[in-house]
Amino acid sequence: MLDKLQKIKLVITDIDGVLTDGLLHYDANGEAIKSFHVRDGLGIRMLIEQGIQVAVLSGRSSPILQKRMADLGITLSILGKLEKETACFELMRQANVSPEQTAYIGDDSVDLPAFEVCGLSFAVADSADYVKENADYVLTLGGGKGAFREMSDLILKAQGKTDIYATAKGFLKSVQNMAQ
């Protein structure tokens, strides 16, 4: 697994059930409200800061999702597409990476085709058993509970970039770069 982690240059993430807990709350106007974990957001920013691209692939699209992506600096995405196999190949093409350089993190049946075409697949802890059985790695944290951050730390550690999250000096340097 270490060898696969060292090759990663693109992480493709699902949203509902991965960056969120999968629950959809609706306001009085019928707009969906989602909660995102701040540690996942920082994990995304740290990957981007270290030259690892992050893309969003979701079967749904919403203004709140687009706002979160903009806040995090995510520019690669395909939204509103349930067929994730060809979408993954399109994101890899846009990022100019190979399947072996691509990791995918998901939580449900809709993510299984993406698991098949990406070099490394992660399932969040609260995925169904049949999803976990198809993943290369099952995370200990659930969707919307820091699972993305757990995965990003694994990638950064394998690539010798732990300073960005494990030391004050490394983190402060990355924060300065993020602010620019």
**Q** Report yes or no: does K161 contribute a side-chain atom to a donor-acceptor pair with the main-chain N or O of Q50 at less than 3.5 Å?
**A**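 Judged by distance alone, yes, a pair lies under 3.5 Å.
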
**Q** For a side chain to side chain contact (heavy atoms under 4.5 Å, CB included) check, start with the C-alpha distance between D136 and F122, then their side-chain angles and the critical distance, and finish with the verdict.
**A** CA-CA 6 Å; D136 294 314; F122 291 87; over 6 Å; no

**Q** Would you compute the distance between atom OG of S35 and atom CG of L24 and round it to the nearest 0.5 angstrom?
**A**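 Nearest 0.5 Å value for the OG-CG distance: 10.5 Å.
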
**Q** Looking at every heavy atom in both K145 and R39, which two are closest together, and how far apart are they?
**A**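 Of all heavy-atom pairs spanning K145 and R39, the closest is O-NH2, 4.1 Å.
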
**Q** Taking all non-hydrogen atoms of both residues into account, name the closest pair between A147 and V124 and its distance.
**A**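 In this case the closest contact between A147 and V124 is CB-CG1, 3.5 Å.
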
**Q** Please name the residue in the list T102, L10, V117, I78 that meets the side chain to side chain contact (heavy atoms under 4.5 Å, CB included) test with C88.
**A**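 It is V117; the other options fail the test.
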
**Q** Do L57 and V54 share a hydrophobic cluster, counting only Ile, Leu, Val, Met, Phe, Trp and Tyr and linking them when any side-chain heavy atoms are less than 4.5 Å apart?
**A**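 L57 and V54: separate clusters.
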
**Q** Once rounded to the nearest 0.5 Å, what's the spacing between atom CD1 of I33 and atom CG of L23?
**A**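 Nearest 0.5 Å value for the CD1-CG distance: 12.5 Å.
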
**Q** With a 4.5 Å heavy-atom cut-off, do I74 and T13 have their side chains touching?
**A**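 In short, these two side chains do not touch, never coming nearer than 4.5 Å.
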
**Q** Is there a donor-acceptor pair under 3.5 Å between the side chain of R45 and the backbone N or O of L72?
**A**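 Checked: pair present.
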
**Q** Out of curiosity, T20 OG1 to F36 CZ, how far, rounded to the nearest 0.5 Å?
**A**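 Atom-to-atom, T20:OG1 and F36:CZ are 6.5 Å apart.
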
**Q** Any chain of hydrophobic side-chain contacts (each under 4.5 Å) joining L154 to V138?
**A**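 No.
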
**Q** Do L47 and V97 sit in one hydrophobic cluster, given that two such residues count as connected whenever their side-chain heavy atoms are within less than 4.5 Å of each other, even indirectly?
**A**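 No, no single cluster joins them.
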
**Q** Taking all heavy atoms of Q159 and all of I8, pick out the closest pair and write down the distance.
**A**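 Closest approach of Q159 to I8, heavy atoms only: NE2-O, 2.9 Å.
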
**Q** What are the two closest heavy atoms between I12 and C118, and how far apart are they?
**A**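 What the structure gives for the nearest pair is CD1-SG, 4.5 Å.
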
**Q** Restricting to non-hydrogen atoms, name the atom on A158 and the atom on L5 that form the minimum distance, rounded to 0.1 Å.
**A**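 What the structure gives for the nearest pair is CB-CB, 3.4 Å.
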
**Q** Within the 4.5 Å heavy-atom criterion, are R60 and L65 side-chain neighbours or not?
**A**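 R60 vs L65: side chains apart.
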
**Q** With rounding to the nearest 0.5 angstrom, report the OG1 to CG distance, T86 to L91.
**A**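 Separation between the atoms: 9.5 Å.
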
**Q** D107 and S127: side-chain donor and acceptor closer than 3.5 Å?
**A**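 Absent: no donor and acceptor within the cut-off.
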
**Q** State yes or no: do V11 and M1 share one hydrophobic cluster built from I, L, V, M, F, W and Y residues joined by side-chain heavy-atom distances below 4.5 Å, directly or via other members?
**A**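 Same hydrophobic cluster.
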
**Q** Under 3.5 Å, side chain of E150 to main-chain N/O of L139, donor-acceptor pair present?
**A**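 Side chain of E150 to backbone of L139, a donor-acceptor pair under 3.5 Å: no, none is there.
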
**Q** Enumerate the residue pairs fulfilling salt bridge (Lys or Arg N to Asp or Glu O under 4.0 Å) with a member in residues 81-105, sequence neighbours excluded, ordered by first and then second residue.
**A**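 Of all non-adjacent pairs touching residues 81-105, those that pass salt bridge (Lys or Arg N to Asp or Glu O under 4.0 Å) are D14-K84, K84-D111, E90-R93.
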
**Q** About how many Å separate CD1 of I52 and CE of M46, when rounded to the nearest 0.5 Å?
**A**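 That separation rounds to 11.0 Å.
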
**Q** Just so I know, are the side chains of D16 and K34 near enough to count as touching, which here means a heavy-atom distance under 4.5 Å?
**A**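 Of all side-chain heavy-atom pairs linking K34 with D16, at least one is under 4.5 Å.
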
**Q** Within a strict 4.5 Å, meaning less than it, do heavy atoms of the R68 and I44 side chains meet?
**A**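 No, too far: nothing below the 4.5 Å cut-off.
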
**Q** Could you check if a side-chain atom of R149 sits within less than 4.5 angstrom of a side-chain atom of D40, using non-hydrogen atoms only?
**A**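 They are in side-chain contact.
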
**Q** Judged by atom type as modelled, is there a donor-acceptor pair below 3.5 Å linking the side chain of S121 to the main-chain atoms of Y104?
**A**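 No; judged by distance alone, with no hydrogens or angles, the pair does not exist.
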
**Q** Is there a path from F115 to L19 through hydrophobic residues (I, L, V, M, F, W, Y) whose side chains come within less than 4.5 Å of each other?
**A**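 Looking at the clustering, L19 is in a separate group from F115.
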
**Q** Report, as yes or no, whether the 6.0 Å neighbourhood of atom CG on N96 holds more than 12 heavy atoms from other residues, nucleotides or ligands.
**A**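 Atom CG in N96 is not crowded, with 12 or fewer foreign heavy atoms closer than 6.0 Å.
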
**Q** Report yes if some heavy atom in the side chain of L42 is under 4.5 Å from a heavy atom in the side chain of Y165; otherwise report no.
**A**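 No. Closest side-chain heavy atoms not under 4.5 Å.
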
**Q** Rounded at 0.5 Å granularity, tell me how far OG in S77 sits from CE in M69.
**A**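 If we round to the nearest 0.5 Å, S77:OG and M69:CE are 3.5 Å apart.
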
**Q** Report yes or no: does D108 contribute a side-chain atom to a donor-acceptor pair with the main-chain N or O of V110 at less than 3.5 Å?
**A**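 No: the side chain of D108 does not pair with the backbone of V110.
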
**Q** How far apart are the closest heavy atoms of I48 and G73, and which atoms are they?
**A**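 Looking at all heavy atoms of both residues, the shortest contact is CD1-O, 4.0 Å.
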
